[in-house]
S.K.: 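The structure follows.
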Number of protein chains: 2
Amino acid sequence: MRISQLSAVSGVPIPTIKYYLREGLLPAGEQTSATRAEYGERHVRRLRLIRALLEVGRLPIAAIRKVLAAVDDETLSMHLVLGTAHYALAPAVEPHPDDEAWREARSEADRLIAELGWRIDAQAPTRDELAQVILTLSRLGMPATGEALRPYAEAAMELVMEHEIGTISLDRTREEAVETLVVGTVVHGRALDVLRRLAQESTSAQLFGISGT
Amino acid sequence: MRISQLSAVSGVPIPTIKYYLREGLLPAGEQTSATRAEYGERHVRRLRLIRALLEVGRLPIAAIRKVLAAVDDETLSMHLVLGTAHYALAPAVEPHPDDEAWREARSEADRLIAELGWRIDAQAPTRDELAQVILTLSRLGMPATGEALRPYAEAAMELVMEHEIGTISLDRTREEAVETLVVGTVVHGRALDVLRRLAQESTSAQLFGISGT
DNA sequence: ATTGTTGGATAGTACAGCTAGCCAATGACT
DNA sequence: AGTCATTGGCTAGCTGTACTATCCAACAAT
């Protein structure tokens, strides 16, 4: 398969494929001559993965590069690869350790995680992200204690256990399993987000009416 | 309160405040002379709202402007204001009606919504967003039927009913209530997303171990 | 021999979200 | 009254991201 066919099959324009090659998101094809290279099924799959992370997961190119590097590194455990994806998904929230309100939010986040008995790396940026959410909620005068977030945490845990990680079949190649897991993380996240907004719209329509106050 | 104090209180730099004023995100202060304007508590609250939508909700400036315009328009019903926020949160997914796979994903999305009995506007962009997620899932070989997404939908609905819209107290000014509802939409979305990733990390740590396959 | 494609490289584009600089009017302080 | 910092309003510039566009020489196909 030459680059033009790869482009046709994947729907990604040739210049963009070249860009991904340059950026190291897509491995080079097999060079058959100075001006020919052969691409295969693996490249098609990788392109699908890139587009999923980009369009659905909204990951920046640099983050996608890191995730793919982890996927390709066969010495990494499943847990570490997934951790890389989680890290990439966590928007860079810079903590302000000298801010009293921030420290409080952060310890509320840590407390919630501890109470749930979750095993989370002490350095995980997700902790800071949770703290930022708690801080924002409290600044806006909304319930922001661990107690208020508990139902969300429990619902999240149940979905993850029963429908995401639990259903990963390990009877494939490592690469496929890892890809499925990583992309599943991202796409299920958006699925839940979209469904939540739909649930809100529906509830809002019933409570407030199509035309009303 | 002058602009420098507004900046100090809110933590937003003066040039950025000027930028928000130019962009119409922040109403002008009350002019007391040609070179003085007075800002009040309302501006501080509006800035908090902007930063929440921007940093936590990741809404682009243009979308924030539309949301705030809806919040300020007293003739709009709660439902319409919330709809504006939902519309702003839905990333522009352009549907490809001439693509067979797309049409199938879209009708699967519509079917799920219908089966759940949800009241969703036929034109809602969220329908397309759901279709895109379904399409991506199926392209990646993952379960993407309405059935597979049902548990997510039900969990989302329960959270929305019991902890978001249900708890809105209507004993405030319309502006406050609307602001709370809109920002709650956004921030609870992130809260759920963060907690889901944490649940994944924890589950992954237990299943795959800190060091393992 | 002609025509068209390819890989590789460089440069340019479009948008977003600020950030910087300037200016004259003004207010606060001495 | 004189000095000095601040303000609003303006225009321009900056940084980062994700592409596009163009060019070129080497090759392959006919």
Side-chain angles (χ1 to χ4, degrees), chain A residues 1-40 43 46-68 88-89 91-94, chain B residues 1-40 43 46-68 88-89 91-94:
Chain A
M1 195 188 301
R2 281 164 296 171
I3 199 173
S4 54
Q5 295 171 276
L6 180 60
S7 168
V9 169
S10 65
V12 178
I14 292 182
T16 304
I17 293 179
K18 287 184 170 186
Y19 169 66
Y20 292 162
L21 286 166
R22 282 201 301 280
E23 291 295 317
L25 301 192
L26 195 62
E30 194 194 346
Q31 290 273 106
T32 61
S33 87
T35 64
R36 282 296 133 107
E38 187 68 16
Y39 301 92
H43 295 89
R46 178 55 58 102
L47 269 180
R48 268 204 293 263
L49 190 55
I50 292 170
R51 300 305 279 196
L53 294 176
L54 193 66
E55 293 172 2
V56 180
R58 332 242 118 193
L59 296 199
I61 297 289
I64 295 178
R65 179 171 38 231
K66 284 183 202 160
V67 170
L68 294 179
L89 277 167
V93 170
E94 86 246 42
Chain B
M1 194 187 301
R2 282 163 297 167
I3 200 174
S4 55
Q5 295 171 276
L6 181 60
S7 169
V9 168
S10 65
V12 178
I14 291 182
T16 304
I17 293 179
K18 287 183 170 185
Y19 170 66
Y20 292 160
L21 286 167
R22 279 201 304 280
E23 290 296 315
L25 302 192
L26 197 62
E30 194 193 348
Q31 291 273 103
T32 60
S33 85
T35 64
R36 284 293 134 108
E38 187 68 15
Y39 301 92
H43 295 89
R46 180 52 59 101
L47 269 181
R48 268 202 295 262
L49 190 54
I50 292 170
R51 301 304 279 195
L53 294 176
L54 194 66
E55 292 171 5
V56 179
R58 332 241 116 192
L59 294 198
I61 296 288
I64 295 179
R65 179 171 40 230
K66 284 182 202 159
V67 171
L68 294 180
L89 277 169
V93 170
E94 87 245 42

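Bear in mind the structure is a predicted one, so any value in this text is a computation, not a measurement. Throughout, protein chains are lettered first and strands after them, A, B, ... in sequence-line order, and every chain is numbered starting at 1.
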S.K.: In Å, rounded to the nearest 0.5 Å, how long is the span from CG of Leu25(B) to OG1 of Thr16(B)?
M.R.: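 Between Leu25(B) CG and Thr16(B) OG1, I get 11.5 Å after rounding to 0.5 Å.
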S.K.: Produce the list of close N/O pairs, under 3.5 Å, pairing protein atoms with atoms of nucleotides 15-21 of chain C; give distances to one decimal.
M.R.:
unit_1: dG17(C); atom_1: OP2; unit_2: Ile61(B); atom_2: N; d: 2.9
unit_1: dC18(C); atom_1: OP2; unit_2: Tyr20(B); atom_2: OH; d: 3.3
unit_1: dT19(C); atom_1: OP2; unit_2: Thr16(B); atom_2: OG1; d: 3.3
unit_1: dT19(C); atom_1: O4; unit_2: Arg22(B); atom_2: NH2; d: 3.0

S.K.: Does a side-chain N or O of Ser33(A) approach OP1 or OP2 of dT6(C) to a distance below 4.0 Å, or not?
M.R.: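 Answer no for this pair, as no side-chain N or O of Ser33(A) is under 4.0 Å from OP1 or OP2.
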S.K.: Compare all side-chain heavy atoms of His43(B) with those of Leu47(B) and state whether any distance is below 4.5 angstrom.
M.R.: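 A side-chain contact is absent here, since even the closest heavy-atom pair is not under 4.5 Å.
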S.K.: Under the criterion side chain to side chain contact (heavy atoms under 4.5 Å, CB included), I'd like the reasoning laid out for Val67(A) against Leu49(A): C-alpha separation, chi angles, the key distance, then a yes or no.
M.R.: CA-CA 11 Å; Val67(A) 170; Leu49(A) 190 55; over 6 Å; no
S.K.: Identify the heavy atoms of Ala63(B) and Ala88(B) that sit nearest to each other, and give their distance.
M.R.: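 Result for this residue pair: CB-CB, 3.8 Å.
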S.K.: Given the rule in the side-chain hydrogen bond (donor to acceptor under 3.5 Å, both in side chains) test, do Tyr20(B) and Arg51(B) qualify, once you have shown the distances and angles that lead to the verdict?
M.R.: CA-CA 11 Å; Tyr20(B) 292 160; Arg51(B) 301 304 279 195; 2.6 Å; yes
S.K.: For Ile61(B) and Leu54(B): C-alpha separation, side-chain torsions, deciding distance, then whether side chain to side chain contact (heavy atoms under 4.5 Å, CB included) applies.
M.R.: CA-CA 7 Å; Ile61(B) 296 288; Leu54(B) 194 66; 4.0 Å; yes
S.K.: Using atom CD1 of Ile17(B) as one end and atom C1' of dC10(D) as the other, report the distance to the nearest whole Å.
M.R.: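 It works out to 18 Å between those atoms.
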S.K.: Provide, to the nearest angstrom, the distance between the NE2 atom belonging to His43(B) and the P atom belonging to dG8(D).
M.R.: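 Taking NE2 of His43(B) and P of dG8(D), I get 10 Å after rounding.
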S.K.: What is the distance from CD of Glu38(B) to C1' of dT6(D), rounded to the nearest Å?
M.R.: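 Distance check: Glu38(B) CD to dT6(D) C1' gives 14 Å.
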S.K.: On the nucleotide dG8(C), are OP1 or OP2 found under 4.0 Å from the side-chain N or O atoms that Thr35(A) carries?
M.R.: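 For dG8(C), OP1/OP2 do not have a side-chain N/O of Thr35(A) under 4.0 Å.
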S.K.: Output the rounded distance in Å from CG (Leu21(B)) to C1' (dT7(D)).
M.R.: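 Rounded to the whole Å, the gap is 12 Å.
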S.K.: To the closest 0.5 Å, what do you measure between OG (Ser33(A)) and CD (Glu38(A))?
M.R.: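 Ser33(A) atom OG to Glu38(A) atom CD measures 11.0 Å (nearest 0.5 Å).
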S.K.: I need the minimum non-hydrogen distance between Leu21(A) and Pro27(A), along with the two atoms involved.
M.R.: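 Closest heavy-atom pair between Leu21(A) and Pro27(A): CD2-O, 3.5 Å.
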S.K.: Return the angle between end axes of the helix from dA1(C)-dT30(D) to dT30(C)-dA1(D), with five pairs used per end and rounding to 10°.
M.R.: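 The angle, to the nearest 10 degrees, is 0°.
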S.K.: Within residues 2-10 of chain A, which residues have any heavy atom lying less than 4.0 Å from an atom of DNA chain C?
M.R.: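 Per residue number, the list reads Arg2(A), Ile3(A), Ser4(A).
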S.K.: What's the closest nucleotide to the side chain of Gln31(B) if the choices are dG27(C), dG9(D), dT7(D)?
M.R.: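 Closest nucleotide among those given: dG9(D).
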S.K.: Which nucleotide sits closest to the side chain of Tyr39(A): dT26(C), dT6(C), dG7(C)?
M.R.: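 Output: dG7(C).
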S.K.: How far apart are the C-alpha atoms of Tyr39(A) and Ile17(A), what are their side-chain angles, what is the distance that settles it, and do they pass the side chain to side chain contact (heavy atoms under 4.5 Å, CB included) test?
M.R.: CA-CA 12 Å; Tyr39(A) 301 92; Ile17(A) 293 179; 5.7 Å; no
S.K.: Please check: side-chain N/O of Arg65(A) versus main-chain N/O of Glu23(A), any donor-acceptor pairing under 3.5 Å?
M.R.: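 Checking the backbone N and O of Glu23(A) against the side chain of Arg65(A), a donor-acceptor pair under 3.5 Å is found.
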S.K.: Would you kindly give the CD-to-C1' distance between Glu23(A) and dT17(D), to the nearest whole Å?
M.R.: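 Glu23(A) atom CD is separated from dT17(D) atom C1' by 10 Å.
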S.K.: Could you report the tightest heavy-atom contact between Pro91(A) and Arg58(B), atom names first, then the distance?
M.R.: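 Here Pro91(A) and Arg58(B) meet closest at CB-NH1, 3.0 Å.
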